[in-house]
Q: 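This is the structure I have questions about; it appears just below.
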Amino acid sequence: MSWLTFFITSHGTSHGVSVSEILAVRELDVDCGTKDDGRWQKMPQKSTEAYPYAFTVSYVERAWQHRWRCSDVTFHCLEGALCQQWVQTIREQLTALTSRPKHLLVYINPYGGKQQGERIYEQKVAPLFTLASISTHVIVTEHANHARDHLRTEAELKKYDGVVCVGGDGMFSEMVHGLVSRTQRDNGVDQNSPEEKLVPCTLRIGIIPAGSTDCICYATVGINDPVTSALHIIVGDAQPMDVCSVHHNNTFLRYSVSLLGYGFYGDMLADSERKRWMGPARYDFSGFKTFLTHHYYEGTVSFLPATDILGTPRDKTRCRAGYVLLYKCNLSNNIHNQLCSLVLYPHVWGWRVIRGKFLAINAASMSCACPRSPKGLSPAAHLADGTTDLILVRKCSRFNFLRHLLRHTSKYDQFDMTFVEVHRVRRFRFTPRYCQSDSELDLRENGKRLFSQICRDHPACSCSPAYSSWNCDGEILPHAAIEVGCFYNLIGVHLW
Ligand SMILES: CCCCCCCCCCCCC/C=C/[C@@H](O)[C@H](COP(=O)(O)O)NC(=O)CCCCCCCCCCCCCCC
Ligand SMILES: Nc1ncnc2c1ncn2[C@@H]1O[C@H](COP(=O)(O)OP(=O)(O)O)[C@@H](O)[C@H]1O
Ligand SMILES: [Ca+2]
């Protein structure tokens, strides 16, 4: 039984509901009305008389612009036994849907975005989980990395079917770090080796948007809406996702799932962290300021291009889960095998090296679509193909850079500009020009010192500091010289 089409509803019309989109079913006491949301509702008199038994099905209704809503439909019938049989059968069908979670571990960041995480969860999400009979253990974080450390060491993961975070990309990143690190530790994998093959996580991660950018939610679900995300979680909608590992000198730094940005996005983030009190608007303020500063950075980017069978960053296709199935990024085993062999034998494809002065170096493992840019930094990037789109924006005039930025918000191609290039890569490295030594450690200290040194040595220079910072999913990395590898399907980061 994949569809439920039943006699007549309270309005006397027939109604079809896909079982996979049913959230809950409950019997009604028609004589007395129904206890729905705590309110008593009187059934229409005509239906009550003709069909004294009824049950209500709560299901997912697709609303406008990727939004999902919970709707109710009440089915009436003549015999009580038949009514009970329907309810029981539907419950059995729901229990048989193994992809659905029954027990969830929820972390709420009360500090992210507009600091509404707890309210969003209590008012919009918790009632839906209760309706769908999902039990939850809720932890409101008390400090940064609370969730990451709890997941990595203490959490009794066997008790849960998945973890959910209520927050932004930074909170999601904490989940990824906690789960991936724990999985590697449990399997004896050394995260410090960039060549080491990582073991995929078995628990899914869900995200309820309550942060500032929420691009991971937007790029997967198509909209930042807590109710939509909660419904995706309940029906067990899933999407694997690429994860990039970032190393410095064979030392593991962080994982990234959305944006790794040096130059513009790094400087913007560093500035915006001091303005957290402004909420999500801090990014616009710091973005404007960084745009005016117009710093460029010299360095060398080397990368291992991905094969063109996966498409190119200039494709017109879009990869988004929660869309129609066709658009789901689900590469065949064949392609997956090729990806694995490429990772094992990188020399077959050869590295390319590009030196230059860059306003921005961005690696987008997914489109990075968000409300500010609904098509994202790299609109054709795939969610789970083992590649990241490396975007190099060379030094250009402010006017041209503004044109490039503005194109993220319009239908025009942001890559179709002489100073921009984009490559789909499997691995890349970046070395800043003024990289003093392998032991270059404190960026801020070295950056300041080098800045004054460079300006003394080159009085005609435009006074750009030697180093920017890497923005890694909204967190600042402590090193400028990094090596990045993209892993296919490492986390079952799912729509939930
Ligand atoms: C002139 C308008 C230009 C608009 C350009 C928009 C490009 C937007 C690309 C956004 C990519 C987002 C990638 C996501 C990164 C997140 O992981 C990460 C963490 O998220 P969280 O806070 O939820 O934890 N977020 C971020 O790093 C923030 C990215 C926000 C980018 C906003 C940039 C605004 C730039 C405004 C420039 C204004 C120039 C105006 C000149 C007159
Ligand atoms: N209770 C807390 N107090 C302070 N910081 C926290 C807390 N919980 C999580 N964080 C940190 O807050 C930062 C931002 O979280 P995030 O949810 O991404 O919000 P935003 O999108 O506004 O940046 C992350 O670096 C996360 O580690
Ligand atoms: Ca990708």
Side-chain angles (χ1 to χ4, degrees), residues 191-198 241-266 296-308 310-314 339-340 342-368 376-378 380-394 415 419-433 435 438 440 467-473 475-488 490:
Q191 290 184 100
N192 284 323
S193 163
E195 306 298 328
E196 190 97 31
K197 199 165 181 292
L198 299 177
M241 209 181 272
D242 290 329
V243 177
C244 284
S245 67
V246 187
H247 286 80
H248 168 83
N249 280 346
N250 288 329
T251 306
F252 169 75
L253 293 183
R254 279 190 85 86
Y255 294 113
S256 163
V257 285
S258 60
L259 165 73
L260 257 172
Y262 189 78
F264 181 73
Y265 289 101
Y296 67 85
Y297 301 92
E298 292 190 66
T300 305
V301 183
S302 359
F303 59 89
L304 186 62
T307 163
D308 57 5
L310 303 169
T312 77
R314 308 293 293 271
L339 285 173
C340 293
L342 283 167
V343 174
L344 290 174
Y345 308 109
H347 58 276
V348 174
W349 299 87
W351 285 71
R352 286 191 57 191
V353 179
I354 294 178
R355 277 190 194 90
K357 297 173 178 171
F358 304 101
L359 284 176
I361 299 169
N362 302 323
S365 303
M366 57 168 67
S367 69
C368 291
L377 274 184
S378 188
H382 286 277
L383 289 164
D385 65 346
T387 73
T388 184
D389 288 351
L390 184 61
I391 305 158
L392 307 177
V393 186
R394 290 174 187 271
F415 304 137
F419 52 91
V420 181
E421 54 189 289
V422 56
H423 305 273
R424 188 154 286 178
V425 310
R426 207 152 277 114
R427 306 185 76 88
F428 74 93
R429 288 191 197 111
F430 174 73
T431 319
R433 178 169 172 202
C435 187
D438 284 350
E440 159 252 343
Y467 301 138
S468 173
S469 316
W470 281 99
N471 171 344
C472 176
D473 293 354
E475 305 294 317
I476 295 283
L477 294 183
H479 297 278
I482 57 167
E483 176 170 356
V484 179
C486 194
F487 289 89
Y488 171 75
L490 180 63

Q: Grab the two heavy atoms, one from Ala381 and one from Met366, that are nearest each other, plus how far apart they are.
A: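 Scanning both residues completely, I find the closest heavy atoms to be CB-C, 3.5 Å.
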Q: For Ser468 and Ala480, work out which heavy atoms get closest and say how close.
A: O-CB, 4.5 Å
Q: Using 0.5 Å steps for rounding, measure from the CG atom of Asp242 to the CG atom of Leu383.
A: 7.5 Å
Q: Return the CD to OG distance between Glu483 and Ser245, rounded to the nearest 0.5 Å.
A: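 Rounded to the nearest 0.5 Å, the CD-OG separation comes out at 8.0 Å.
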Q: Would Val484 and Phe428 satisfy side chain to side chain contact (heavy atoms under 4.5 Å, CB included), going step by step from the backbone distance to the final call?
A: CA-CA 5 Å; Val484 179; Phe428 74 93; 3.5 Å; yes
Q: Decide yes or no on side chain to side chain contact (heavy atoms under 4.5 Å, CB included) for Val257 and Val243, but give the supporting numbers first.
A: CA-CA 5 Å; Val257 285; Val243 177; 3.8 Å; yes
Q: Using every non-hydrogen atom in the two residues, find where His248 and His479 come nearest and quote the distance to one decimal.
A: NE2-ND1, 3.3 Å
Q: Once ring pair (Phe, Tyr, Trp, His ring centres under 6.0 Å) is applied, do any residues pair with Phe430, and if so which ones, sequence neighbours excluded?
A: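 So Phe430 forms a ring pair (Phe, Tyr, Trp, His ring centres under 6.0 Å) with Tyr262, Trp470.
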Q: Run the side-chain hydrogen bond (donor to acceptor under 3.5 Å, both in side chains) test against Asn362 and tell me which residues pass, sequence neighbours left out.
A: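 Once residues adjacent in sequence are excluded, Asn362 has no partner under the side-chain hydrogen bond (donor to acceptor under 3.5 Å, both in side chains) criterion.
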Q: Quick one: list whatever passes salt bridge (Lys or Arg N to Asp or Glu O under 4.0 Å) with Arg314, sequence neighbours left out.
A: Asp413
Q: Give the minimum heavy-atom separation between Arg426 and Ala306, together with the two atoms involved.
A: NH2-CB, 3.2 Å
Q: Given Asp389, which of Arg424, His382, His423 fulfils the side-chain hydrogen bond (donor to acceptor under 3.5 Å, both in side chains) condition?
A: Arg424
Q: Are Leu377 and Tyr265 close enough, and set up right, to give a side chain to side chain contact (heavy atoms under 4.5 Å, CB included), and what steps lead you there?
A: CA-CA 11 Å; Leu377 274 184; Tyr265 289 101; 3.5 Å; yes
Q: When you look at Leu198 and Tyr255, which way does the side chain to side chain contact (heavy atoms under 4.5 Å, CB included) test go after all the steps?
A: CA-CA 12 Å; Leu198 299 177; Tyr255 294 113; 3.7 Å; yes
Q: Considering residues at least two apart in sequence or located in another chain, which fulfil the side-chain hydrogen bond (donor to acceptor under 3.5 Å, both in side chains) criterion with Glu298?
A: Arg433
Q: Minimum heavy-atom separation for Phe252 to Gln191, with atom names?
A: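 Phe252 and Gln191 have their closest heavy atoms at CB-O, 3.4 Å.
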Q: Does Arg254 have any side-chain hydrogen bond (donor to acceptor under 3.5 Å, both in side chains) partners at least two apart in sequence or in another chain, and if so, which?
A: Ser173
Q: Give, for atom CD1 of Ile354 and atom CG of Leu390, the distance between the pair rounded to the nearest 0.5 Å.
A: 7.5 Å
Q: Nearest 0.5 Å please: distance from the CG atom of Leu253 over to the CD atom of Glu475.
A: 13.0 Å
Q: Mind checking the CG-SG spacing from Leu260 to Cys486? Nearest 0.5 Å is all I need.
A: 10.0 Å
Q: So, for Pro305 and Gly350, which heavy atoms are closest and what is the spacing to 0.1 Å?
A: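 Shortest heavy-atom contact: CD-O, 3.3 Å.
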Q: So do the side chains of Asn250 and Pro194 get within less than 4.5 Å of each other, counting heavy atoms only?
A: yes
Q: Verify the distance criterion only: is there a donor paired with an acceptor across the side chains of Thr387 and Asp385 at less than 3.5 Å?
A: yes
Q: Nearest 0.5 Å, please: how far is CD in Glu421 from CD1 in Ile391?
A: 11.0 Å
Q: Sequence neighbours excluded, which residues qualify as side-chain hydrogen bond (donor to acceptor under 3.5 Å, both in side chains) partners of Asp473?
A: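 So Asp473 forms a side-chain hydrogen bond (donor to acceptor under 3.5 Å, both in side chains) with Ser256, Ser258.
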